[in-house]
Protein chains: 2
Amino acid sequence: MAENVTIKTIASLLGISHSTVSRALQNNPRIGLRTRERVQEMAKNLKYVSNSGAQLLKNVTTHSVGIVVPNLHEEYFSMMISGIEDVLGQMGYQAIICQSRDDMQREKKAVEHFLRARVEGLLVSLSATTNQYDHFQNLGSYGIPIVFCDRTPKGFPSFRVRSVVETGMKSGLEYLFQKGIRKIALLNGPSYLLSADERLNTYLQGMLELKLETSPKYIRTTDLSKEDTSHQMRELLALENIPEAIIAFNDYVALDAIKVCREAGYNIPFLSFGNLPITNYMEHGPIASVEQFPYEIGQKAAELLRNVLNTKDLEYKEEVVHSVLKIRE
Amino acid sequence: MAENVTIKTIASLLGISHSTVSRALQNNPRIGLRTRERVQEMAKNLKYVSNSGAQLLKNVTTHSVGIVVPNLHEEYFSMMISGIEDVLGQMGYQAIICQSRDDMQREKKAVEHFLRARVEGLLVSLSATTNQYDHFQNLGSYGIPIVFCDRTPKGFPSFRVRSVVETGMKSGLEYLFQKGIRKIALLNGPSYLLSADERLNTYLQGMLELKLETSPKYIRTTDLSKEDTSHQMRELLALENIPEAIIAFNDYVALDAIKVCREAGYNIPFLSFGNLPITNYMEHGPIASVEQFPYEIGQKAAELLRNVLNTKDLEYKEEVVHSVLKIRE
DNA sequence: CTGTTAGCGCCTTCAA
DNA sequence: TTGAAGGCGCTAACAG
């Protein structure tokens with residue numbers, strides 16, 4: 001087989017011009033049916049694959065969309081990706097994924113790659129270390145729209161879809177309150193994550209509404225590593241007034257923290273965020289978890305991107321997906 | 001900002017020729033330092049991004065490698081991807097990921113995309129439903145090497161890296177044997193997976209070596225869905241002679257099966273494959289798990305691909321990563 | 001050190 | 001219904 005089958009190869013083999021081949025391959029009705037069939041058959045036999053480079057040069061769209069996520073091992077993100085893919089699939093688009101590993105440099109590289117590859121759009125969940133957005137600014141001038149999902153930038157106008165934890169957090173606090181629990185601690189994520197901000201704010205607000213006392217001692221943040229989570233949990237256990245319940249930033253934090261508690265002989269109820277499938281296997285998981293619907297977030301983001309692609313001059317807007325408390329015990 | 005900044009834009013703005021710009025951008029030392037700096041600064045200001053389409057046309061390599069995995073929610077694959085990425089990163093390559101969702105059609109689409117995008121190589125873990133390999137055959141004629149990881153094709157000569165479970169399985173059987181356990185069942189994966197084949201063979205062989213009886217009743221296969229796994233497990237529990245231990249295809253199967261056992265009031269020890277981090281959170285996980293080192297498999301696969309890229313006419317070869325039994329109780 | 005020129009594979013007017 | 005010709009943005013001889 002020839003190393004490089006191009007339309008010229010097919011053209012000369014068939015004794016026709018390459019423009020005819022090009023048109024035949026696109027099913028252009030101006031080309032005779034007979035010719036079209038012969039061309040397409042030959043193309044198949046020769047295993048011809050169009051060179052997207054050349055097509056790109058002619059502004060033929062790639063029908064691909066880039067996805068950048070912080071990591072792939074959190075079910076949260078893989079579910080979000082599935083939501084995106086399912087919508088994209090219906091549009092006949094291919095989803096291409098890169099992970100930033102929560103490293104801004106890698107995120108930049110991924111974005112640059114997508115930019116060079118001229119994807120038609122980008123769906124991004126920011127890396128935890130991203131503190132500037134230059135690499136996204138460029139895309140605008142290339143007409144490549146971005147939709148941020150869940151991990152959205154601060155002070156950077158853009159399309160975005162994010163989870164709102166308010167409802168979930170408040171139902172959670174009420175749930176604990178009804179059980180007679182008053183001393184509720186928050187084991188939060190790092191403050192540079194918007195979602196940690198939001199948890200803190202709604203926690204404080206919810207506590208206030210329930211007229212419950214809060215104390216700085218009951219509010220700790222972990223960098224999400226198992227080590228730090230364990231450390232922070234131990235600090236909570238070292239208080240004179242050990243909390244009666246703990247709200248964890250997400251299921252992973254909850255699991256790590258619960259382990260520490262149980263090893264220390266405590267059986268403190270946990271409430272967490274995520275409601276991920278893995279917690280179904282736990283005998284001692286959180287007693288309730290706030291479902292954030294990552295699949296739906298992905299879907300909404302992809303649908304928003306579809307709208308942006310169809311309606312070129314859409315105004316920036318934000319869509320939200322509300323969370324719901326799921327009681328598991 | 002101009003919609004499309006090309007080297008010509010920069011050239012005319014600077015009053016030099018576009019080839020000078022091209023060279024300056026590549027840091028070609030033949031271009032004067034002064035000019036180079038001016039060009040690069042202007043490029044930065046204008047947020048110039050090279051058009052990879054045009055570069056592709058000139059056979060400039062993309063420095064990207066495509067990865068196709070069955071799914072992203074299994075930690076096994078995300079760890080494999082991390083192994084790949086870390087090696088690729090050192091080479092200055094970008095990893096691009098698609099998931100096939102265990103669907104051959106999607107797998108084909110992903111491969112076609114990568115082919116058009118002219119990635120320099122492909123790393124593939126086959127979808128469970130892939131039963132023909134035409135879509136991989138093409139790549140050869142385009143000089144795009146493929147390395148199959150873990151889920152490798154049957155009867156299709158290729159580069160491959162796979163996990164060998166023999167050592168792990170045998171240590172596992174011996175471990176159970178030493179505990180006085182004799183009736184050992186196998187809850188295997190679907191037979192179209194090579195890895196299921198391998199587990200079955202080594203199980204039978206190991207049992208024979210230990211002079212233990214085997215029975216078809218003790219060998220069941222699940223399609224890996226929670227439902228089927230639960231069903232198969234219930235069948236095992238319905239036997240007159242309930243097995244004293246069960247070897248599960250992987251950690252997920254084990255977790256699903258263990259749940260069924262415990263709900264039925266049984267406390268049968270499980271041995272499984274994967275040794276995935278999630279099992280660390282389980283109070284009643286498998287008593288031992290065979291570590292398969294997916295990260296290392298990814299690394300080896302990427303290294304093999306690197307060799308193939310450097311040494312164009314390498315012979316097909318297979319590398320293996322041996323498994324190790326990890327006792328957890 | 002820099003400019004001129006040709007061409008990568010494809011699509012698309014324009015002509016026939 | 002088809003062919004000829006030009007050009008997309010870039011790189012790389014080949015000339016200066």
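Just so we're on the same page: letters track the sequence lines, and every chain starts at 1. The model shown is predicted, which means the values in this text are computed figures rather than measured ones.
- Of all nucleotides in DNA chain D having an atom under 4.0 Å from a heavy atom of chain A, the first and last in 5' to 3' order are D/dT1 to D/dG9.
- Proximity of a side-chain donor or acceptor of A/Glu107 to a complementary backbone N or O of A/Ser100 within less than 3.5 Å is not detected.
- Side-chain atoms of B/Ser12 come within 3.5 Å of backbone N or O of B/Thr9 as a donor-acceptor pair.
- Rounded to whole angstrom, the span from the CG atom of A/Leu57 across to the P atom of C/dG9 amounts to 12 Å.
- Here the NZ atom belonging to A/Lys108 is positioned 7.5 Å from the CD atom belonging to A/Glu112, to the nearest 0.5 angstrom.
- The CG atom of A/Asn51 sits 8 Å away from the C1' atom of C/dC10 (whole-angstrom rounding).
- At a threshold of 4.0 Å, the pair A/Asp102-A/Arg151 counts as salt-bridged, since one of the basic side-chain nitrogens sits closer than that to a carboxylate oxygen.
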Self-check item: Protein-to-nucleotide contact annotation, 5' to 3' order, nucleotides 11-16 of chain C [B base; S sugar-phosphate only; - none; under 4.0 Å, heavy atom]
Solution: BBBB--
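- Classification of the B/Phe156-B/Phe148 ring pair by plane angle, with boundaries at 30° and 60°, yields perpendicular.
- A search for side-chain hydrogen bond (donor to acceptor under 3.5 Å, both in side chains) contacts involving A/Ser64 returns A/Thr62, not counting sequence neighbours.
- Counting any heavy atom pair closer than 4.0 Å across all strands shown, A/Leu56 reaches no nucleic acid atom.
- Over its full length, the helix from C/dC1-D/dG16 to C/dA16-D/dT1 turns its helical axis through 40°, comparing axes from the five pairs at each end and rounding to 10°.
- Applying the side chain to side chain donor-acceptor pair (under 3.5 Å) test to every pair with at least one member in residues 295-310 of chain A, sequence neighbours left out, gives these pairs: A/Asp86-A/Tyr295.
- Atom OG of A/Ser163 sits about 4.5 Å away from atom CD1 of A/Ile297, to the nearest 0.5 Å.
- Looking at residues two or more places apart in sequence or on another chain, you find no side-chain hydrogen bond (donor to acceptor under 3.5 Å, both in side chains) involving A/Glu37.
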Quiz prompt | A/Val39 and A/Arg23: CA distance, side-chain angles, deciding distance, side chain to side chain contact (heavy atoms under 4.5 Å, CB included) verdict | solution = CA-CA 10 Å; A/Val39 169; A/Arg23 280 187 278 246; over 6 Å; no
